[in-house]
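A single structure is presented below for examination.
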Amino acid sequence: MDPAQWLADYQERLERVAYSARSASASLAEVGAKATSPRGEVTVTVNAGGVLGDVVLTPTARKLDVDTLAMLIVSTAREAQRLASARMTEVMADYLGESDALHQITRHLPEAVR
């Protein structure tokens with residue numbers, strides 16, 4: 001193969017990989033999830049990493065005892081985190097396919113998401 005052609009092909013592959021990485025990054029930046037408790041008292045929003053972004057309490061939630069409310073917030077946050085993890089896995093699978101790289105990214109996620 002002609003060295004100039006090889007270099008041009010290599011440069012093109014690098015550009016495709018860089019474009020794919022930028023696209024994956026942009027898609028992940030948009031990933032997050034929102035979950036609402038079964039009776040609607042609490043809504044929690046998290047980002048792609050599962051970091052809490054917002055908690056909204058209805059007037060009904062404010063009437064619950066502190067321990068019940070705390071449990072409801074935690075369980076709703078876990079559901080939002082599970083949803084965000086599932087969405088993150090979907091996005092990464094689109095870019096990586098079923099590969100060792102995807103396994104390395106998702107192996108620390110909760111079993112329900114994998």
Side-chain angles (χ1 to χ4, degrees):
M1 175 180 268
D2 173 36
Q5 183 60 49
W6 179 88
L7 188 57
D9 291 346
Y10 186 71
Q11 180 66 31
E12 184 180 326
R13 279 196 319 260
L14 286 177
E15 288 171 6
R16 281 195 310 264
V17 168
Y19 175 79
S20 183
R22 285 190 304 273
S23 295
S25 179
S27 294
L28 285 175
E30 296 174 11
V31 171
K34 182 186 285 191
T36 300
S37 61
R39 291 189 309 247
E41 309 96 325
V42 176
T43 299
V44 175
T45 305
V46 298
N47 69 13
V51 175
L52 193 62
D54 194 24
V55 176
V56 177
L57 305 175
T58 65
T60 304
R62 294 181 184 117
K63 294 176 184 173
L64 296 172
D65 69 84
V66 174
D67 291 335
T68 301
L69 181 56
M71 182 190 69
L72 198 55
I73 291 170
V74 169
S75 63
T76 305
R78 285 185 180 144
E79 176 62 10
Q81 290 166 336
R82 186 192 67 75
L83 293 169
S85 295
R87 181 65 185 121
M88 188 269 302
T89 300
E90 289 173 11
V91 168
M92 292 310 297
D94 287 346
Y95 291 98
L96 300 174
E98 291 298 323
S99 64
D100 288 337
L102 181 63
H103 174 71
Q104 290 300 318
I105 290 170
T106 60
R107 70 185 178 130
H108 299 292
L109 296 176
E111 194 66 37
V113 176
R114 290 188 237 164

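Owing to the predicted nature of the structure, the values given are computational and were not obtained by experimental measurement. In this chain, residues are counted from 1 in sequence order.
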Original post:
So if you build clusters from Ile, Leu, Val, Met, Phe, Trp, Tyr with side-chain heavy-atom gaps below 4.5 Å, do W6 and L14 land together?
Top reply: yes

So ring-ring contact (aromatic ring centres under 6.0 Å, His included) across residues 20-69, not counting sequence neighbours, yields none

Applying side-chain hydrogen bond (donor to acceptor under 3.5 Å, both in side chains) to E41 and not counting sequence neighbours gives S37, R39

Separation between OG1 (T36) and CG (L72), nearest 0.5 Å, reads 10.5 Å

Applying side chain to side chain contact (heavy atoms under 4.5 Å, CB included) to D100 and not counting sequence neighbours gives none

Min side-chain heavy-atom separation T76-V55 under 4.5 Å = no

The side chain to side chain contact (heavy atoms under 4.5 Å, CB included) partners of V56 (sequence neighbours excluded) come to T43, D54

Here the pair of heavy atoms bringing V44 nearest to L52 is CG1-CD1, 3.1 Å

Residues passing the side-chain hydrogen bond (donor to acceptor under 3.5 Å, both in side chains) test with R16, sequence neighbours excluded, are E12

Across all chains, not counting sequence neighbours, the ring pair (Phe, Tyr, Trp, His ring centres under 6.0 Å) partners of Y19 are none

Applying side-chain hydrogen bond (donor to acceptor under 3.5 Å, both in side chains) to D9 and not counting sequence neighbours gives Q5

Rounding to 0.5 Å, atoms NZ (K63) and CG (L57) come to a distance of 13.5 Å

Residues 68-80 vs salt bridge (Lys or Arg N to Asp or Glu O under 4.0 Å), sequence neighbours excluded, gives E79-R82

By side-chain hydrogen bond (donor to acceptor under 3.5 Å, both in side chains), D65 pairs with (sequence neighbours left out) T68

Side chain to side chain contact (heavy atoms under 4.5 Å, CB included) filter on A33, not counting sequence neighbours, yields V46, L83, A84

